[in-house]
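The structure appears below as structure tokens.
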Amino acid sequence: ARQHVFLLPEYLKDTSKKMKSGLMFVKLVNPCSGEGTLYLFDMCLLQLFEVKVFKEKHHSWFINQSVQSGGLLHFATPMDPLFLLLHYLIKADKEGTFQPLDQVVMDDMFPNCNLLLKLPELEKLLQHVTEEKEINNKKYYKYSKEKTLMWLEKKVNQTMTALKTNNINVSARVQSSAFFSGNQASSDKEEDYICYAHGLISDYIPKELSDDLSKH
Amino acid sequence: LLPCEVPGSQPAPVGRFFTPAI
Amino acid sequence: MDLSELQRDNTGRCRLSSPVPELCRQEPCALGVDEAGRGPVLGPMVYAICYCPVSRLGDLEALKVADSKTLSESERERLFEKMEKDRHFVGWALDVLSPNLISTSMLGRVKYNLNSLSHDTAAGLIQHALDQGVNVTQVFVDTVGPPDTYQQRLQQRFPGVEITVKAKADALYPVVSAASICAKVARDQAVKSWRFLEDLDHLDVDYGSGYPNDPKTKEWLRKQVEPVFGFPQFVRFSWRTAQSILEKEAQDVVWEDSVEEQEGARSITSYFSQSPCARPRLAHRFFLERGLEPASSL
């Protein structure tokens with residue numbers, strides 16, 4: 001059987017011990033491209049992880065007493081599930097009405113999207129990007145672009161802080177990070193950081209919203 | 001991680017022939 | 001002969017040398033160069049020098065160091081011991097070149113072929129004798145490749161020394177035959193006491209003479225071949241014999257550069273960018289720069 005090499009956060013190790021199918025690979029929508037992408041879902045902590053793969057041609061692995069062709073290296077990193085919920089809320093927005101969440105998050109292509117409905121503190125999450133109404137103790141949601149842009153603005157700011165603390169090279173000109181001067185932040189303009197952060201966040205939202213965010 | 005493609009996924013006596021070193 | 005250094009690490013090269021007899025620092029000396037194990041597909045190749053004062057060449061001859069090819073293994077060992085006893089006028093040094101060093105030199109991206117490796121090793125040993133203060137005035141070398149260029153190269157390198165490069169030098173000059181005995185004794189010992197890095201269970205060490213045309217050696221190679229790793233490092237992977245068995249029995253391994261040669265040039269139109277809508281939106285440079293892409297399946 002094919003073997004894979006994964007880099008995972010340490011705490012996920014217990015999950016697979018605690019529950020048999022504690023960690024599940026699921027195919028869900030890619031909120032940027034709309035295509036199917038692989039995610040990892042922690043059924044214990046009910047946490048979503050995106051899976052990126054490092055791929056370079058002509059590589060293989062030695063894994064214990066075996067050799068595995070391909071040499072792919074997979075990374076699972078926590079991802080804010082609201083990006084996925086947003087995809088469905090924007091899609092449902094075309095009807096322009098308030099809807100119950102379980103009718104919004106439906107997808108014949110990716111039926112496992114219903115896992116998103118199990119997320120803890122879902123209502124709190126949704127407040128960032130929707131207007132809601134409560135009728136007979138049932139909540140109905142409607143996508144709010146204004147609120148979403150405010151939420152994404154927070155995301156961009158958080159990302160900018162992370163880029164600075166991690167000394168990520170954001171300058172437009174191509175530069176080898178090997179020759180970086182120590183005081184990176186000063187040499188890069190604040191605007192470079194905003195553009196870079198916007199670009200990074202835009203990998204998780206549809207093109208149209210990315211343009212709106214850019215204007216915002 | 002090897003800089004070459006060995007096709008397939010198969011048992012190999014890695015421990016016998018390959019002595020990793022830093 | 002103490003080959004313990006080779007025992008510790010038999011993946012590179014190791015140099016052994018006798019103490020320099022005081023006489024060899026004072027009197028003009030003749031120095032012979034020869035090798036052992038050039039042809040075999042298994043085990044190390046050994047380059048050796050042997051030197052003694054020109055005035056004592058008769059005594060060296062008297063040791064019956066005749067053409068070493070005619071001597072048996074045990075006779076060579078006995079003669080070597082005799083030379084060791086006469087260490088007041090005979091000195092020697094040798095380089096053991098491991099099969100791994102030979103293979104990686106010949107198969108390296110920049111080819112370093114066996115002749116160049118041999119020439120450089122011989123010159124290195126002559127230099128070693130000079131550095132130790134031996135008063136070398138004459139050098140006799142068995143030919144490796146075209147004798148003239150070899151002679152010129154050595155003469156250029158050692159202008160103050162009279163260089164003679166000749167075929168069958170070990171039958172003509174006692175110092176070359178003595179060097180040949182040192183080389184053969186070292187190689188025999190190294191092969192006999194070879195420490196396999198690879199912990200191969202039930203390894204049969206009956207691999208015959210190690211020469212490519214020896215049926216026993218060929219049989220041994222066929223039995224040893226491992227589809228992913230090829231052979232133990234005792235084998236010279238750069239030998240045709242080894243390579244043809246690998247081509248038949250081992251996995252094809254594809255290296256990055258080996259594919260570039262195969263990929264034909266792309267058509268010029270393929271360099272023109274596709275219409276923007278056709279081109280899938282690229283991932284952000286943070287990921288592109290790190291070779292990361294979304295995993296679409298396992």
Side-chain angles (χ1 to χ4, degrees), chain A residues 1-13 16-17 20-27 36-41 49-79 166-169 174 176-179 203, chain B:
Chain A
R2 275 186 76 82
Q3 300 175 86
H4 300 282
V5 178
F6 254 89
L7 288 183
L8 297 169
E10 183 75 30
Y11 60 83
L12 284 184
K13 222 169 36 180
S16 43
K17 280 193 196 116
K20 184 148 171 8
S21 56
L23 290 178
M24 269 174 63
F25 287 109
V26 287
K27 197 120 179 203
T37 300
L38 196 69
Y39 294 86
L40 186 62
F41 209 86
F49 293 83
E50 71 168 330
V51 177
K52 292 273 190 217
V53 57
F54 172 76
K55 209 184 260 183
E56 257 189 344
K57 287 199 290 188
H58 316 307
H59 278 71
S60 309
W61 285 108
F62 280 157
I63 303 175
N64 301 328
Q65 298 314 309
S66 74
V67 64
Q68 171 61 53
S69 74
L72 305 186
L73 181 56
H74 289 83
F75 295 79
T77 42
M79 174 175 167
N166 289 281
N167 251 326
I168 303 288
N169 162 20
V174 179
S176 155
S177 51
F179 304 113
D203 263 23
Chain B
L1 180 58
L2 299 176
C4 58
E5 173 100 44
V6 180
S9 161
Q10 61 197 334
V14 180
R16 282 207 207 133
F17 282 86
F18 192 70
T19 38
I22 296 179

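Every chain is numbered from 1 and lettered A, B, ... according to where its sequence line falls, protein lines coming before strand lines. None of these values were measured; they are calculated from a predicted model.
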Using the side-chain contact (heavy atoms from CB on, under 4.5 Å) rule, take H59(A) and L2(B) through it: C-alpha gap first, then chi angles, then the decisive distance, then the call.
CA-CA 5 Å; H59(A) 278 71; L2(B) 299 176; over 6 Å; no

Yes or no on side-chain contact (heavy atoms from CB on, under 4.5 Å) for W61(A) and L1(B), after CA distance, side-chain angles and deciding distance?
CA-CA 5 Å; W61(A) 285 108; L1(B) 180 58; 3.7 Å; yes

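The closest side-chain donor-acceptor pair between Q68(A) and S9(B) falls under 3.5 angstrom.
Under the 3.5 Å distance criterion, the side-chain polar atoms of S60(A) are matched with a main-chain donor or acceptor of C4(B).
A pairwise comparison of heavy atoms in S69(A) and V6(B) identifies CB-O, 2.9 Å as the closest pair.
For N166(A), the CG atom sits in a packed shell: over 12 heavy atoms of surrounding residues, nucleotides or ligands are nearer than 6.0 Å.
Heavy-atom pairs under 4.5 Å with chain A were tallied for P11(B), G8(B), G15(B), P7(B); the largest tally goes to G8(B).
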